[in-house]
A.B. asks: 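Dropping the structure in here first, questions after.
Order of the sequence lines fixes the chain letters, A, B, ..., with proteins taken first and strands second; residue numbering starts at 1 for each chain.
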Amino acid sequence: MSRPGWRARTPLAVSATLVVIPLLAAIFGPFVKLKAEPGLPYERAAGHPLGSDGLGRDVLELLLTGGRTALGMALGAVAVAYLVGGLIGLVAASTRHRWLDELLIRPLDVLLPLPSLLVISVVAVGWQASALAITLAVAAVNVPTVARLVRAAALDAASGPVVEALRMQRESWIGIHLGYVGRSVLGPVAADIGTRITLAVFLVASVNFLGLGLSPTAPDWAVSVSRNREGLLLQPWAVLAPALMLVAFTLGFNLLADRLVHRTRRMAEVTR
Amino acid sequence: MKPLVQVTRLSAYAGKAVIVDGVDFEVWPGQVTALVGASGSGKTTSALALLGEHGDQVRLFGQVEVAGEVVVDSNGPTSAAAGVRGRVVAYMPQHPGSALNPARRIGAGLHELEKLHHPGEDVVTEALRAAQLPSDRATLRRFPHQFSGGQRQRIALAQALTCRPRVLVLDEPSTGLDSVTRLQLVGELLELAAEGLGILLLSHDLDLVRALAQYVVVLDAGQVIASGGPEVLPEPVDLPIEPATKQSAEPLLEAANLSASVRPRGRDPILREVDLSVRPGSCLGVVGRSGSGKTTLARCLAGLHERHTGRITLDGRDLPVLRKRSAEQNRRVQYVWQEVRGSFDERRPVLDQVARTARRLRNLAAEQAEAEAVATLARLGVSALVAARPPSQLSGGELQRAALARALLAQPDVLICDEITTALDEHGTALVVELLRELTTQGTALVWISHDLGLVAAVADHVLVIDHGRVAERGAPVAVMTRPSTEVARRLVRAARVGHEPPPPVLTLSADTRSNPQ
Amino acid sequence: MRSYAAQRAALAVLQLVVLSVLVFVLTSLLPGDAADMRFTETLTPDQVARLREQLGLDQPAVERFIHWLGDVLRGDLGTSLISGGPVLDIVKASVGATVVLTLATLAVVVPLAVALGILMGTRENGRLDRAVTSVTLALSAIPDFVIAVVLIALFSLKLGWLPATWVGGDLLANPVLLVLPVAVLLGRTVCLLSRQVRAGTINALHAEYVVQARRLGVPRWRLLLRHVLPNAAVPGVQELARTGDTLLGGVLVVEAIFAIPGFATALVDGVETRDLPVVQGLTLVLAVAALVINLGADLVCNRLVPRTELLR
Amino acid sequence: GSGGGTDQAAAQPQQGGRLRAVYAGGGAKEVLDPHVQSLFVDIARHKAMYEKLVELGPDLKPVPRLAEKWEPDAQAATWRFTLREATFHDGHTLTAEDVLYSLARMADPAAPERVAQSSLATVDLRRCRAIDKRTVELTLTAPNAEFPALLAGIGTQIVRDGFKDPTKPVGTGPFTFVSFEAGRSMVAKRYADYWDGAARIEELHLLSADAEARANAVQGGQAEYANDMTATFARTAEAGRTVKIVAAKGSTTQAFVMKVDQPPFDNPDVRMAFKLLADRQRLVDVVLAGRGEVGNDLFGKGYQYYPADLPQRERDLDEAKALLKKAGVLNKELEIFTSDASAGFVEAATLLAEQAGEAGLKLKVTTGSSQTYAKDLLTKGAIGSHRSGAMPIPQYITDRLLSKSPFNVTHWRRPAFDAAFAAAQVLTDETARAAKYGELQRSLRDEGGILAWGHPDFMVAVSAKLQGVEAVPPNTLDSARFDKVWLA
Ligand SMILES: Nc1ncnc2c1ncn2[C@@H]1O[C@H](COP(=O)(O)OP(=O)(O)OP(=O)(O)O)[C@@H](O)[C@H]1O
Ligand SMILES: Nc1ncnc2c1ncn2[C@@H]1O[C@H](COP(=O)(O)OP(=O)(O)OP(=O)(O)O)[C@@H](O)[C@H]1O
Ligand SMILES: [Mg+2]
Ligand SMILES: [Mg+2]
């Protein structure tokens, strides 16, 4: 615990940089116009700082345009999963009607052993190359776990004496559920979102890598890794550059999530 | 005879803070030495030094000699310390329940210690016998969670005894015990001392110390302020039993035929057919053994326990469960939780949470509410500075008083207090009692739940004795305390006299069946 | 306890039925059917139509499902629409490789993760702990396929030390085939598991009962082995059961890259070729496995730490 | 690398050893029944164990195989095939009855998946007969001078009379069956009594794997032969020394197909505009990585009957724009339907979209399912990707360009074209026939819906140990001739 400041700050800067670079590339990359002339496949020629890919496209340009799907689909999927699953979980936890709770949660229990792989491949095959469909599929396989997590966290908070005390003070519904229950759920949810986003990035990337997802000529990072890997020995950057972007994002996010988990755990220890 | 433990000029520092400051004491075989003092006075820190143990960031100085081995010298703990652990000094921690490995059968834990310290001897059976536990195979094969709280405490004792130590250190062994169980503990410890064991007792329960100790060391802020025989302790005070008064007005809160259960449709009731009534300005005391249903009764009245049948009325009108109460009904009936720490939001300052009551239930402005909160807390001995912190930074006693203030800010007509003095020392208790007395004179009715019969007798006008969810006995405190008519009441009252007069013969343990494992 | 088991079994049966319906509906929604998949440039539309009739695909979906369900209850998983062989054969043929792969991975992962987790946990926030944490964290951040691509390029194509594909190899004669696939699957699982074990170890080490056992003179190694490990293992076991699903995703990538004729490949092939009986059969097997694993994990945890409430 | 077979032919052939050849796998779709084959790997597998009456030469001209020679009547309606002295793996000698049984089996209406049913639909089984043990007479309902080529098509293997169980293969081929697992492998052993000289290798393993695994296997020494390799792999392999590339020049055809009955391609000007706007050289450079020849909107460059005298179509953007403007489709958005079904499809479509953009046309690439692409191409999208393997030109026309063709992806339905083709097919004089075919192809090139932009080399990777692999197009006699190769 000595010199916590030094130890804590350096990785924060590192992990933040790791996350921010791919994120910026994903958000602003498509607006950058490079004017790179198309070349021949797998060239390491001048004019292409990172060489060309299997279609003769500039790898740097691909890097700038390929993040939107690679990260966007994953982030979108997690957002949707939390929107749906979080809502289900919160409602199930806060309802006084046992049947409503059962109605919301039981079906999810039944879905739990459904292999997410199957769902995603079915959707991917059914709606060829649709980013939206894959995003929704990835979201769908995450809904049951998210719902259960949120419900458990909310239930923990909502059934405790704190809520009783707040009710004894005639605190408003909003005051209780947003002010206290929501805030108590936030800790576990934040920690979970961290890992869930990296998992979603992996899942989306794997689907695209396997050729089940986006069109094989899409500039997406995972697609690039997949399609260009046969040229790995001819022009390594076509594979390594997008791979590094993905890794930077997931690694940075992992580090941030780890830090968050540590923080919440330390807080829990203090309060115990 | 030489002392088993000789502590000389022991000091402990946490950073620059001095936790223990030049403490001396001895433990003799066959005798009980007690370390007493307010919470935070350094009792645990001093006792752990016998094992050469200390908390994070804490440094020990001075000299501790245990059975001839120096375990702490001027450079802190020595390598000899590891050798005395278990075999020479066995420590029973402050919360023995959590000191048992939930994943191991108790037999495994006991036999492990036997093999380590006394291989080949049958010390386990003997230790269990001394801890008044059966030593059959079925008991040994159970997991800790399959025992009641009191039994768990005795298992921890048995573990310590399995090491066959020469010194037994007991840290606050009586917290949370009802008077009967506490009395059993006294008997067990006296027997052990009689067998030649040296006992170091840490407690702020002065009655317990009076009943056990030959030597008493009083600590305050890490320093010894007095030491000697039990006579250094203040005289036991028997709070005067006030005669019942003011029976004039109509009943304010009434409950008729009240039953409650934790399972749906009233299965396995934990409260059965209770009738009670409280008049304005009066105080109803509720006593009973642990697990008898006192809290459940209180929660029914407060409207928090929804699975109940029967009728509760306020001013003659039906009083529904909390979420159906009107704002006015809500304000008029307030409840103070038994487990206070759990009833505060960890993320907000305590003061805000206290003041919130006045804002929500009495529509006061923010500043006004806060001023009132500060004033009430101050009367209870909690400064605004302390209350501005989040709950985790308050001591148990401070929090208990804050919870009371939180309820009082509603200016309730009925206040239900569930063991609200357990974490308080005598001064704190006096502050609370004084404030509540003042309120009753203004017409507030109290429902007072407590293990401390003396206190109940002092504050209550009428007493209910609850046993297994039923009212076993009721009447004026004088009558119940002096001429108890039921067995439960008799046992509770007799056991409560520990430390005030020579202890009665140890009660048989076989009667303790209330919390058998399922 | 008994009613709990009955409840659990009933839920499992319900889960299987609902799953089957769901899988059937999902795959039926896909455009095209198995007959279309067998369409080649040389088959006339008329030939395809006759084929569809022969496969029974012209029957209403509900009827086909009921028929399938009836067969399953009699222990018959049906025949593949594509190869015409029994589904059971396909399941058997594809399960082997995946099971070998998974078991090999677990055989490496579990001891490694437990050792690392305890090592890290006992040196909480020490230099070693930080180093190992960083390495496992970094490993877990690299997508499986990136690891695979890089490892193959390095160890197979550049150095020529390890085989890059199972094609043309015989696992029994050449167990080296397992090295790269297991290495790929290892990273993330080791990280997840060891972190759980680490957290469990730290929790256990701080637990009052471990402190107390030490006070009563239990020596250090015994403390780790008998008091810390069982409690530390619980989150690990639960995590292991939970990672089953994500592990399968990794297995698919690994199977695809190393051309391993395994379960995940068969499943995706089945979906792609609309071979419904095969998809249904594989899913059923997988779901049963998942249910059994979860139940097993619960039982193990309950054995390790009886307090973990079964009914939760 | 290319044509690696010829210079090694001089080296001393060796005897024995195990050859592992990897082909693109088909999973559960792979079959053992020679009459149901559709994949390269099936064809290779069946070639190892079975033979046809007729095979195709390197220029896709029919060459004798189990039939020593053949003789049509004047109308090309009745054909007499003289059989070779060959023995089946069970010791039985090939007879006319085997041929008749095989033809009947291919045509069995109860087994709709037998692939030769439509191509051999004109064989009148009731009037076919065995003249003697070694001579068989086949009668057609419609005369056809190209009939021998049809007998070289896929799914036309000769099986033993009474052959019922395809899981116990018995053929006349150079290898005898040992084991088979669909989607994984087939093992076969050298057949010592093979009529064309027993194989040199002892054991043949035919394995299934996708492109990456094929590359890894042959590079890692886990296979000696890998079929159908990509240009990128060829580049990589040529940089190393472990693997040789055997490339057959321009053996297949890559094209875009436009449906001539759907707008805007029902307008011949639009079709021509597309043919003019395509930058064929860039397509070949990028999609084929330069390993192929530029196409001239016709199938089968270098094959028998290919009109080699036609001028190469060049890119003319201005002309294309003018035509598009005339047709009123400039600045309209169109959709090109493609899929990952074959290497280079999506890439080519993406490039074409770029090139169309240069001509002022928005072309959106839609990627469909690879599994159903063959079927989808018939119905979906006005323009799509198309690839055709090696086959005789008349067969290509029969399968794809007649009103009744099962796989008429351009919806090219012209009664006059049908009639002219039918008239040409009955001509027994080869030069006359060639002239007629030439005319038909000329009209196709200008009016048809096929934009054939390139002829990729067909590449096979062989390990340094493997000798005797010929650089020939797939589907021809000397491709997958594992009885001719040897391990050094
Ligand atoms: N590890 C530590 N670091 C800093 N301060 C500590 C530490 N452990 C204890 N203290 C402080 O030392 C003082 C004495 O603590 P100790 O536990 O000995 O008190 P105690 O007399 O046993 O009190 P209680 O009756 O509440 O158990 C307290 O003020 C406490 O806050
Ligand atoms: N949620 C619950 N589930 C099961 N049993 C419960 C529950 N809550 C209370 N009980 C049981 O109901 C009985 C009465 O509990 P209650 O809390 O009212 O006791 P108490 O008299 O307040 O005890 P104490 O003096 O220990 O506070 C006990 O035996 C307890 O075990
Ligand atoms: Mg203490
Ligand atoms: Mg209570």
Side-chain angles (χ1 to χ4, degrees), chain A residues 1 7 11 18 106-107 109-128 141 145 152 195 198-199 201-203 205-207 209-212 222 225-226 228-229 232-233 236 239-240 242-244 246-255 257-258 261 265 269, chain C residues 11-12 14-19 22-23 26-27 29-31 125 130 133-134 137-138 140-146 148-150 152-153 157-158 188 191-192 195 199 206 242 244-246 248-253 256-257 264 267-268 271-272 274 279 282-283 286-291 294 312:
Chain A
M1 290 290 141
R7 266 193 186 150
L18 284 176
R106 281 294 165 209
D109 275 355
V110 170
L111 290 186
L112 234 42
L114 187 68
S116 47
L117 182 73
L118 179 76
V119 177
I120 293 171
S121 56
V122 165
V123 170
V125 168
W127 287 267
Q128 277 292 322
V141 299
T145 20
T195 45
T198 53
L199 276 182
V201 170
F202 273 39
L203 205 53
S206 299
V207 169
F209 176 84
L210 290 170
L212 293 171
V225 174
S226 171
N228 293 326
R229 68 185 195 269
L232 181 65
L233 299 181
V239 175
L240 292 185
L244 283 177
L246 276 175
V247 172
F249 184 78
T250 47
L251 179 58
F253 223 94
N254 263 359
L255 290 171
D258 190 47
V261 170
R265 188 174 306 145
E269 261 160 28
Chain C
L11 181 68
L14 182 74
Q15 278 176 317
L16 292 181
V17 173
V18 173
L19 269 186
L22 214 70
V23 170
L26 267 178
T27 37
L29 282 179
L30 291 176
N125 290 325
R130 288 186 163 266
T133 305
S134 314
L137 208 62
S140 77
I142 310 178
D144 324 347
F145 57 86
V146 174
V149 168
V150 172
I152 288 179
L157 303 183
K158 279 271 177 210
R188 198 148 92 236
C191 171
L192 284 176
R195 285 158 64 78
H206 285 268
R242 254 182 284 133
D245 190 57
T246 37
L248 189 71
V251 168
L252 174 61
V253 171
I257 291 179
L267 189 62
V268 172
V271 172
E272 286 197 324
R274 316 291 188 273
V279 175
L282 291 172
T283 313
L286 197 62
V288 170
L291 290 172
N294 269 304
R312 169 63 229 173

A.B. asks: Can you tell which of C:Val18, C:Val146, C:Val150, C:Ile142 has the highest number of heavy-atom pairs within less than 4.5 Å of chain A?
C.D. replies: C:Ile142
A.B. asks: Is C:Val279 in contact with chain A via its backbone, its side chain, both, or neither, using a 4.5 Å heavy-atom distance?
C.D. replies: side chain
A.B. asks: Run the side-chain contact (heavy atoms from CB on, under 4.5 Å) test against A:Ala248 and tell me which residues pass, sequence neighbours left out.
C.D. replies: A:Leu18, A:Pro22
A.B. asks: Let me know if A:Val239 has heavy atoms under 4.5 Å from chain C in its side chain, its backbone, both or neither.
C.D. replies: side chain
A.B. asks: Under 4.5 Å heavy-atom distance to chain A, tell me which part of C:Leu16 shows up: side chain, backbone, both or neither.
C.D. replies: neither
A.B. asks: Need one label for C:Val149: side chain, backbone, both or neither, based on atoms under 4.5 Å from any heavy atom in chain A.
C.D. replies: both
A.B. asks: Let me know if A:Leu251 has heavy atoms under 4.5 Å from chain C in its side chain, its backbone, both or neither.
C.D. replies: both
A.B. asks: How would you list, by chain and number, every residue that makes a salt bridge (charged side-chain N to carboxylate O under 4.0 Å, His left out) with C:Arg274, sequence neighbours excluded?
C.D. replies: none
